[in-house]
Protein chains: 2
Amino acid sequence: MEYTIKQAAERVKLPASTLRYYDKNGLMPLLKKTSYGTRQYSETDIHWLELVRCLKDSGMPLDEIKAFMMLCLEGSATSEQRREMLELHRANIERQMRVLTRSLGVINYKLDHYNEIGIFHIDKD
Amino acid sequence: MEYTIKQAAERVKLPASTLRYYDKNGLMPLLKKTSYGTRQYSETDIHWLELVRCLKDSGMPLDEIKAFMMLCLEGSATSEQRREMLELHRANIERQMRVLTRSLGVINYKLDHYNEIGIFHIDKD
DNA sequence: TTACAAGTTAAAGTTAGGTTTAAGTCAAGC
DNA sequence: GCTTGACTTAAACCTAACTTTAACTTGTAA
């Protein structure tokens, strides 16, 4: 089954303009077009887009996602390199989670002690 | 104890240019300057900056942080409004953590099954 | 008193990740 | 055969959050 850009956009919950932007920036090197130029998203393309969303939503820059894609294209010779990228990214996600957990602790503390707090209490509560 | 911008920058681990930027954009309405114009960071300013970092690092836009600051200046009349802001922000942090957890699961799954994966395996592993 | 370090400003430049616009192509329904 | 709707492109525009630059002032040390 193949999808138009609009259908693909609905499936991965990104605007069509974003899908065009990703394609233009080399994130979809395998994407096919019909003879008169419209993009045709295959199931594989959709799955790749879902991975792109997952990586992007967890803070990987598009540049890096593209680099990962390029390594995929080069086949199994690059699998060790790709594993390393994912491991670095995992560490990065874990770091982000620690930052969020720490901030959440501060917010929760503030909320627990939030009776008549003003600017002059910033350093005391 | 008062700090120069450089000392404050070191304490809160932000570049001095960022501290100037924050001041210029109204995030530091209580910051004092010496008679010849250099910024003087008090302990209270430092604590406020630490809260700014905490909010910013957990994804609150500077606009909103500034709005929060302004409410603080208005005193206890706005405490309910500030509590609401913090509660919305807490919910936002929790949402971010769910996104990260979900992505982490995908990455971990990929890493666990990472033997000879290429582009053509994107949809199968 | 001269030079240096540290501060100041306004304004311009940067980066990431898009979105919007303008002008055009194509196939189908009426 | 004409309009409509979905697609295309290149290029311009946008926003957040800074950073850099250029020109300037000020206090301190030699």
Side-chain angles (χ1 to χ4, degrees), chain A residues 1-29 31-42 45-46 48-69 89 92 96 99 103, chain B residues 1-29 31-42 45-46 48-69 89 92 96 99 103:
Chain A
M1 174 95 185
E2 309 254 298
Y3 301 86
T4 66
I5 197 169
K6 201 176 206 176
Q7 293 166 331
E10 263 175 45
R11 275 210 42 186
V12 302
K13 280 160 193 165
L14 285 173
S17 64
T18 300
L19 297 190
R20 288 202 189 88
Y21 173 76
Y22 286 176
D23 184 21
K24 197 178 78 176
N25 285 274
L27 269 78
M28 308 293 305
L31 183 61
K32 301 286 185 223
K33 292 190 177 185
T34 65
S35 53
Y36 49 95
T38 69
R39 292 172 180 81
Q40 271 185 309
Y41 290 83
S42 67
D45 292 324
I46 299 283
W48 167 242
L49 275 177
E50 279 164 352
L51 180 58
V52 168
R53 274 217 66 170
C54 164
L55 295 173
K56 185 202 66 155
D57 288 351
S58 53
M60 187 184 282
L62 296 188
D63 277 9
E64 216 173 308
I65 298 177
K66 177 179 172 180
F68 183 81
M69 172 55 151
H89 185 56
N92 185 33
Q96 290 181 67
V99 169
S103 293
Chain B
M1 176 92 184
E2 308 255 298
Y3 302 86
T4 66
I5 197 169
K6 199 174 207 178
Q7 293 166 332
E10 262 174 48
R11 275 212 41 186
V12 301
K13 281 159 193 165
L14 286 173
S17 64
T18 300
L19 297 191
R20 288 201 189 89
Y21 173 77
Y22 287 175
D23 185 20
K24 196 178 78 175
N25 285 274
L27 269 81
M28 307 293 305
L31 183 61
K32 302 285 184 225
K33 292 189 175 185
T34 64
S35 53
Y36 50 95
T38 69
R39 293 171 179 82
Q40 271 185 308
Y41 290 82
S42 67
D45 292 323
I46 299 284
W48 167 243
L49 275 177
E50 279 164 353
L51 180 57
V52 167
R53 274 218 65 172
C54 165
L55 295 173
K56 185 201 67 156
D57 288 350
S58 52
M60 187 183 283
L62 295 188
D63 277 8
E64 217 173 309
I65 298 177
K66 177 181 171 179
F68 183 81
M69 172 53 150
H89 185 56
N92 184 33
Q96 290 182 67
V99 169
S103 292

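Heavy-atom basis, side chains included; hydrogens, waters and symmetry copies ignored. Note that the coordinates shown come from a computational prediction; the quantities given were computed from them, not determined experimentally. Quick note on labels: first sequence line is chain A, next is B, and so on, each numbered from 1.
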Closest approach of B:K66 to B:N25 (non-hydrogen atoms, all atoms of both residues):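 Between these two residues, the closest heavy atoms are CD-O, 3.3 Å.
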Where does the chain B footprint on DNA chain C start and end, counting 5' to 3' with a 4.0 Å heavy-atom cut-off?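 Under 4.0 Å from chain B, the extent on DNA chain C is C:dA6 to C:dT9.
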Can you spot which of A:T4, A:D45, A:D23 makes a side chain to side chain donor-acceptor pair (under 3.5 Å) with A:R39?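 Only one of A:T4, A:D45, A:D23 forms a side chain to side chain donor-acceptor pair (under 3.5 Å) with A:R39, namely A:D23.
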Report yes if some heavy atom in the side chain of [X] is under 4.5 Å from a heavy atom in the side chain of [Y]; otherwise report no.
X: B:L62; Y: B:Y22; value: yes
X: B:K32; Y: B:S42; value: no
X: B:L14; Y: B:K56; value: yes

Within the 4.0 Å heavy-atom criterion, would you say A:T38 contacts the bases, only the backbone, or no part of the nucleic acid?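 If one applies the 4.0 Å heavy-atom cut-off, A:T38 turns out to touch the sugar-phosphate alone, with no base involved.
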So how far is it from [X] [atom1] to [Y] [atom2], rounded to the nearest 0.5 Å?
X: B:Q40; Y: B:Q7; atom1: CD; atom2: CD; result: 11.0 Å
X: B:E2; Y: B:T38; atom1: CD; atom2: OG1; result: 10.0 Å
X: A:T18; Y: A:R53; atom1: OG1; atom2: CZ; result: 9.5 Å
X: A:L51; Y: A:F68; atom1: CG; atom2: CZ; result: 6.0 Å
X: B:L19; Y: B:M28; atom1: CG; atom2: CE; result: 7.5 Å

Comparing B:T18 and B:D63 on DNA chain D - which has the more 5′ nearest nucleotide: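 It is B:D63 whose nearest nucleotide is closer to the 5' end.
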Given DNA chain D, 5'-ward residue of the pair A:G37 and B:L62, judged by closest heavy atom: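 Per heavy-atom nearest nucleotide, the more 5' residue is A:G37.
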Within residues 20-27 of chain A, residues whose heavy atoms come under 4.0 Å of DNA chain C: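 Output list: A:Y21, A:Y22.
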First and last nucleotide of DNA chain D, 5' to 3', lying under 4.0 Å from heavy atoms of chain A: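 Reading along DNA chain D, I get D:dA6 to D:dT9.
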